[in-house]
Protein chains: 2
Amino acid sequence: MISHAEENYLKAIFKISEKEVKAASTNAIASEMQTTAASVTDMLKRLAEKNLIVYEKYRGVELSKEGNQVATALIRKHRLWEVFLVEKLGFAWDEVHDMAEQLEHVQGNDLVGRLDTFLGHPKFDPHGDPIPDAEGRWAFRPQSLLSTLKPGDRGVVTGVEDHTPTFLQYLDQLGLTLGAGLELLERFPYDQSVRIRTEDGRELTLSEKVGQNLYLKV
Amino acid sequence: MISHAEENYLKAIFKISEKEVKAASTNAIASEMQTTAASVTDMLKRLAEKNLIVYEKYRGVELSKEGNQVATALIRKHRLWEVFLVEKLGFAWDEVHDMAEQLEHVQGNDLVGRLDTFLGHPKFDPHGDPIPDAEGRWAFRPQSLLSTLKPGDRGVVTGVEDHTPTFLQYLDQLGLTLGAGLELLERFPYDQSVRIRTEDGRELTLSEKVGQNLYLKV
DNA sequence: TAATATTTTTAGATTAGTCTAAATTTTTAA
DNA sequence: TTAAAAATTTAGACTAATCTAAAAATATTA
């Protein structure tokens, strides 16, 4: 039996391992989980005991094969529930994270499978993040950060790096939601801000920070 | 903040209070919650501390106004999620209880309201139990146990008293699901079993036990 | 109404998950 | 390459929720 707390740690380790090449450190996990290093060490012992992670004192951790499966299944559930909340219940993309965080822990015989079918087997969640299939396979979609585009490049918004409500609401305000098209007009070397034209003809200036958190298919 | 465990106790007390006139006893709660009397006493102290129940040592408990609201909201959520699981995800009525038991604890700004709207404001759940509205008002539907019908009476199945999967699956097998019509042909005084005719013309013999667990609108 | 049975509460322990503070190990850099 | 800094672990404690066994209160009945 894997507790909710244990599941959340596995997901945190998965997230860190996605970005870092090396094993996930105690501090990185503590920061991701908003807790203390001491609590993390305690939990790592439990997870290692259950063979969900490979843990060597002072050396950080990696997910075991089984731990990886648990984390992947959780992310699958989380993202499917997000699709449900947005597509079926009409929530905005900045409102669904906390609810999905709870819904992902609900257990039931084939609940995920039926939810997936009900939603039409979506491949991406409302933020553009890929949803692994029942076998844990990830869909791939080539995309680039806005900050890597050159003047003249056109693209369609496909995802975000920053998932905070503030950023998502700002994008809503700018009309830069998933599927929105744009053309990069000019990049200002002084602060790396960019000028873009939206598909409905508006011209906008976006900061470097926005550029580093918005993904596009070019 | 009310914990999941506390919520479950409030629901248990609500259930008992529905049937009993007197205050809910420690033992009755222990039995409903599948735990020990000692654990119940501990929890009753916590709930009384939070003013969710009115508790006098050795005298049993009743829900306070606030406790009643919490319990009613929980039952509303539980039953709405059951409708979702059956109507939208295609689960059978005997499969949804445990999942709804988890889903009812999910918190979210207007999650219940949106779910209710999405489902079309259902008044009854898949077992025929009423779903309180957002203000905690209960729909009333006049119904009688099969065991109270007389020969010649006709009725439509509207609910069950026993919610166990075995009983629900047995009813499926007999074709006596919600909405099924029947006529009581004869009652055998020896064991209070009854002979009925279904709307599609089949004749069935049902035990006293079935009679005491099946509700009909006559 | 007094003895017995039943119910309820208390006492003391346990577990998961968390914390702070202290000790230890690893890393960094003078 | 050793001293200081940073990261990690250990030690000890806390809380919520649970348990068993014993004590106390209430209910039953002879």
What is the separation between atom [atom1] on [X] and atom [atom2] on [N], rounded to the nearest whole Å?
{"X": "L44(B)", "N": "dT18(D)", "atom1": "CG", "atom2": "C1'", "answer": "14 Å"}
{"X": "K45(B)", "N": "dT15(D)", "atom1": "NZ", "atom2": "P", "answer": "16 Å"}
{"X": "Y58(B)", "N": "dA24(D)", "atom1": "OH", "atom2": "P", "answer": "9 Å"}
{"X": "H4(B)", "N": "dA16(D)", "atom1": "NE2", "atom2": "C1'", "answer": "13 Å"}

Rounding to 10°, can you tell me the angle the first-five-pair axis of the helix from dT1(C)-dA30(D) to dA30(C)-dT1(D) makes with its last-five-pair axis?
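The helix from dT1(C)-dA30(D) to dA30(C)-dT1(D) shows an end-to-end axis angle of 0°.
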
Could you identify which residues of residues 20-42 of chain B place a heavy atom less than 4.0 Å from some atom of DNA chain C, listed by residue number, or say none?
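When residues 20-42 of chain B is checked for heavy atoms under 4.0 Å from DNA chain C, the hits, listed by number, are S25(B), T26(B), N27(B), A37(B), A38(B), T41(B).
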
Taking only the side-chain nitrogens and oxygens of R59(B), find out if one of them lies under 4.0 Å from OP1 or OP2 of dA27(D).
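Yes, because at least one side-chain N or O of R59(B) sits under 4.0 Å from OP1 or OP2 of dA27(D).
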
Side-chain N or O of R46(B) versus OP1/OP2 of dA16(D): is the shortest distance under 4.0 Å?
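R46(B) to dA16(D) OP1/OP2: no side-chain N or O under 4.0 Å.
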
May I ask you to check if K88(B) and F84(A) form a cation-pi contact, with NZ or CZ under 6.0 angstrom from the six-membered ring centre and within 45° of the axis?
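No; the conditions do not both hold, so K88(B) does not lie above the ring face of F84(A).
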
With K209(A) as the cation and F167(A) as the aromatic partner, state whether NZ or CZ is under 6.0 Å from the six-membered ring centre and within 45° of the axis.
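Negative - K209(A) is either too far from the ring of F167(A) or too far off its axis.
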
For L52(B), run the side chain to side chain contact (heavy atoms under 4.5 Å, CB included) check against L44(B), I2(B), V61(B) and tell me which one passes.
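Single side chain to side chain contact (heavy atoms under 4.5 Å, CB included) partner of L52(B) among L44(B), I2(B), V61(B): I2(B).
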
CG/D172(A): more than 12 non-hydrogen atoms of other groups inside 6.0 Å
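Enclosed: over 12 neighbouring heavy atoms sit under 6.0 Å from CG of D172(A).
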
What is the first contacted nucleotide of DNA chain C and what is the last, in 5' to 3' order, if contact means an atom lying under 4.0 angstrom from a heavy atom of chain B?
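Footprint of chain B along DNA chain C, 5' to 3': dT7(C) to dT10(C).
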
State, yes or no, whether a side-chain contact exists between [X] and [Y] at a heavy-atom distance under 4.5 Å.
{"X": "F124(B)", "Y": "V83(B)", "result": "no"}
{"X": "W81(A)", "Y": "V96(A)", "result": "no"}
{"X": "L149(B)", "Y": "S144(B)", "result": "yes"}

Identify every side-chain donor-acceptor pair in residues 15-31 of chain A under 3.5 Å, counting partners at least two apart or on other chains, and give the distances.
residue : atom : partner : partner atom : Å
S17(A)  : OG   : I13(A)  : O            : 2.8
K19(A)  : NZ   : E161(A) : OE2          : 3.0
S25(A)  : OG   : A28(A)  : N            : 3.0

Mind jotting down which residue pairs meet the salt bridge (charged side-chain N to carboxylate O under 4.0 Å, His left out) criterion with at least one end in residues 52-77 of chain A? Sequence neighbours excluded, please.
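Qualifying pairs, neighbours excluded: R76(A)-D116(A).
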
Go through the side-chain N and O atoms of H121(A) and D133(A) and say whether any donor and acceptor fall under 3.5 Å apart.
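The answer is no; no qualifying pair exists.
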
In chain order, what residues pass the side chain to side chain donor-acceptor pair (under 3.5 Å) check against K50(A), with sequence neighbours excluded?
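Here the qualifying residues are E6(A).
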
